[in-house]
Amino acid sequence: MYSPSAAANSANTTELSNRMFVYEVVGLRQSTATDSLNYPIRQSGSVFITVPYSRMNQEMQRITRMGGKIVSIQPLTADNQANGKAAAKAQPKAEPGAEPQQNQSEEKGKPMTQAKAKSKADIPVNIYRPNAPFIGKCISNKELVKEGGIGTCRHLTFDISAGDLRYLEGQSIGIIPDGTDDKGKPHKLRLYSIASTRHGDNLDDKTVSLCVRQLEYKHPETGETVFGVCSTFLCNIEEGADVKITGPVGKEMLLPDDPEATVIMMATGTGIAPFRAFLWRMFFEQHEDYKFKGQAWLIFGVTTTPNILYKEQLEEIQEKFPDNFRLTYAISREQKNSEGGRMYIQHRVGENADELWSLMQKPNTHTYICGLKGMEDGIDSALTVAAEKNGVTWSDYQRQMKKAGRWHVETY
Ligand code: FAD
């Protein structure tokens, strides 16, 4: 249980009486009552209501009467102001003398940030489990690697309109490939990061998309070429075929609600998948529930130019939104680092380390890493140097960012 009185105690009482708080509320349905209060209910179901200290009690009772549940309370800061502003108009005039009350939020004493502040009730998880997966239909399966590139990587879209599957940007779904393993048992699920926004590629809330690379390697003993079970199943799936889907899962890679956040994304290969979802939500969708006004920077590591997944659209965003989006490639087999070796993502991070470090000082900067296991080490080394220049130990600073929900890693 989150305690508003604990939050309140931390502040000086005189100061407190002048302060404003932001309630995140779930469970309010758009109705005449909420319309008349002018509460903007988001697609996610969350409503942010700015409340003066003196009215906290009354506001809680009113929200409860309307069937809402308060899941977090934060002091109004520059970071959450955007959410607060949305509801500021709804606020009735303050009535003196009211005291704050205990409420029902789950997070106690944790540093609340944009990512962590997302109500747990709003994050869909495990709607479909492996013993009863959702049967989706493949409606599109397109090659993403251009001629001359290495390997196969497909953009797949599944129709999910027949079920209850919902998801947020940054989550993953499980796929259970058809067939059985060498013991005759059904295959186990494999996870894939969702590459579309919550509204799907067609903006109709009826699809989910993935970006899947076919695993192919030489068997270390026999030298035979081996293809991965699930990635091969997906890359070869025909349009119209059924696919068993589980999930969604994952709370680590969610996009902050704050439309003014700085979002640093570092991807290798199919690690672009969640960032495609982020960038489409930020720049292409312009959905009424989220108008991005912050800064986004993608540092993308690939092997060759034809392997730059979603290249045209990424460059289109860069061209259309030069003030809000920065795109940096590390193309290992074509570009050279300062020592003459192959250009990997950590070299680009090293080149830009001072700037990245300074962006990371802002409390609403979120950094995301996604892709090949092991890519974090080089990134850590590059940022260690920048932190040291400022007399800071990188691992300590990184720990603080993790604790504040501003450092997000998903590698596989
Ligand atoms: P499998 O048949 O399961 O084979 C994998 C096994 O092959 C490995 O466990 C290892 O034993 C062996 N192997 C692999 N490489 C070698 C090698 N070089 N030498 C020797 N043995 C080897 N993948 C994507 O393509 N896109 C995504 O967006 C994506 N998102 C993910 C998100 C999460 C959270 C996680 C955990 C994984 C994600 N993956 C993604 C990876 C995906 O889940 C599968 O692991 C991948 O597709 C391989 O599965 P497979 O069934 O094809 O391979």
Side-chain angles (χ1 to χ4, degrees), residues 123-126 130 133 136 138 140-145 149-158 167-197 200-201 207-237 243-255 265-280 298 300-303 307-310 368-376 408-412:
I123 306 171
V125 281
N126 291 321
C138 175
S140 165
N141 180 354
K142 297 210 162 56
E143 183 59 59
L144 290 167
V145 178
I150 300 164
T152 288
C153 189
R154 316 283 298 188
H155 183 75
L156 293 140
T157 302
F158 305 120
Y167 59 88
L168 296 177
E169 303 75 22
Q171 290 195 292
S172 300
I173 51 171
I175 299 291
I176 305 173
D178 287 353
T180 53
D181 63 17
D182 49 12
K183 295 187 189 91
K185 296 209 166 132
H187 286 300
K188 298 223 157 48
L189 70 83
R190 270 72 163 176
L191 290 176
Y192 293 91
S193 307
I194 295 170
S196 50
T197 77
D201 283 353
T207 64
V208 62
S209 297
L210 302 177
C211 167
V212 178
R213 185 182 81 88
Q214 183 179 27
L215 174 65
E216 179 183 344
Y217 63 91
K218 293 262 179 253
H219 192 283
E221 282 150 26
T222 63
E224 243 179 288
T225 301
V226 183
F227 293 99
V229 172
C230 191
S231 58
T232 300
F233 165 76
L234 284 171
C235 288
N236 293 334
I237 197 167
V243 60
K244 297 186 208 75
I245 301 175
T246 67
V249 294
K251 295 180 180 174
E252 172 63 26
M253 296 288 285
L254 301 176
L255 183 64
M265 296 160 275
M266 302 178 191
T268 49
T270 55
I272 191 71
F275 305 144
R276 177 187 185 269
F278 288 9
L279 292 168
W280 264 234
L298 172 67
F300 190 13
V302 294
T303 46
N307 285 88
I308 302 175
L309 311 172
Y310 309 106
Y368 296 82
I369 295 178
C370 190
L372 294 176
K373 212 168 207 86
M375 66 184 278
E376 307 100 291
H408 315 258
V409 179
E410 193 154 86
T411 52
Y412 44 83

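Residue indices begin at 1 and follow the sequence shown. Counting starts at 1 for both ligands and their atoms, following the listed order.
Put simply, the side chain of E216 never gets that close to the backbone of T225: no donor and acceptor are under 3.5 Å apart. Of the possible donor and acceptor atoms, none in the side chain of S193 sits under 3.5 Å from a partner among the backbone N and O of A273.
Near C230, meaning under 4.0 Å from any of its heavy atoms, are these atoms of ligand 1: 50 (P), 51 (O), 52 (O).
The protein non-hydrogen atom at the shortest distance from atom 41 (C) of ligand 1 is Y412 CD1, 3.6 Å. Among protein heavy atoms, atom 30 (N) of ligand 1 sits closest to S193 N, 3.1 Å. The protein heavy-atom contact nearest to atom 7 (O) of ligand 1 is Y217 OH, 3.3 Å. For atom 46 (C) of ligand 1, the closest non-hydrogen atom on the protein side is Y192 OH, 3.8 Å. C211 O, 2.8 Å is the protein heavy atom nearest to atom 26 (N) of ligand 1. If you check which protein heavy atom lies closest to atom 25 (O) of ligand 1, you get R213 N, 3.0 Å.
Neither the backbone nor the side chain of H219 comes within contact range of ligand 1; no heavy atom lies under 4.0 Å. For P177, no heavy-atom contact with ligand 1 is shorter than 4.0 Å. In L215, the part holding a heavy atom less than 4.0 Å from any atom of ligand 1 is the side chain.
Of the options I245, I176, I175, V249, a side chain to side chain contact (heavy atoms under 4.5 Å, CB included) to L189 is made by I176 and by none of the others.
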| said: Go through it in stages, so that I can follow the logic: the residues are V212 and T270, the test is side-chain contact (heavy atoms from CB on, under 4.5 Å), and I'd like the CA-CA distance, side-chain angles, deciding distance and then a yes or no. | reply: CA-CA 7 Å; V212 178; T270 55; over 6 Å; no
| request: Might you work through the side-chain contact (heavy atoms from CB on, under 4.5 Å) test for L254 and Q171, ending with a clear yes or no? | output: CA-CA 7 Å; L254 301 176; Q171 290 195 292; 3.9 Å; yes
| query | C153 and C211: side-chain contact (heavy atoms from CB on, under 4.5 Å), yes or no, with the steps? | reply | CA-CA 7 Å; C153 189; C211 167; 3.8 Å; yes
| request: Determine, stepwise, if the pair Y167 / I173 fulfils side-chain contact (heavy atoms from CB on, under 4.5 Å). | output: CA-CA 9 Å; Y167 59 88; I173 51 171; 5.6 Å; no
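Residue contacts with ligand 1: A273 is placed with no nitrogen or oxygen under 3.5 Å of a nitrogen or oxygen of the ligand (distance criterion only). Residue R190 has at least one nitrogen or oxygen atom sitting less than 3.5 Å from a nitrogen or oxygen atom of ligand 1, judged on distance alone. Remark: ligand 1 and S231 share an N or O pair separated by less than 3.5 Å (distance only, no angle test). At a 3.5 angstrom cut-off on N or O pairs, L191 counts as close to ligand 1. Taking only nitrogen or oxygen atoms, main chain and side chain alike, V212 does not reach within less than 3.5 Å of ligand 1.
Residues passing the salt bridge (charged side-chain N to carboxylate O under 4.0 Å, His left out) test with E143, sequence neighbours excluded: R154. Y192 meets the side chain to side chain donor-acceptor pair (under 3.5 Å) test with no other residue; sequence neighbours excluded.
Using a 3.5 Å distance cut-off with no hydrogens or angles, the side chains of Q214 and S231 do not pair a donor with an acceptor.
Between the choices T411, T232, V229, the shortest heavy-atom distance to atom 2 (O) of ligand 1 belongs to V229.
Counting protein heavy atoms under 4.0 angstrom from atom 9 (O) of ligand 1 gives zero. In this structure, atom 14 (C) of ligand 1 has protein heavy atoms in its sub-4.0 angstrom surroundings.
Annotation: Y368 is in aromatic contact with F278 [ring centroid separation under 6.0 Å].
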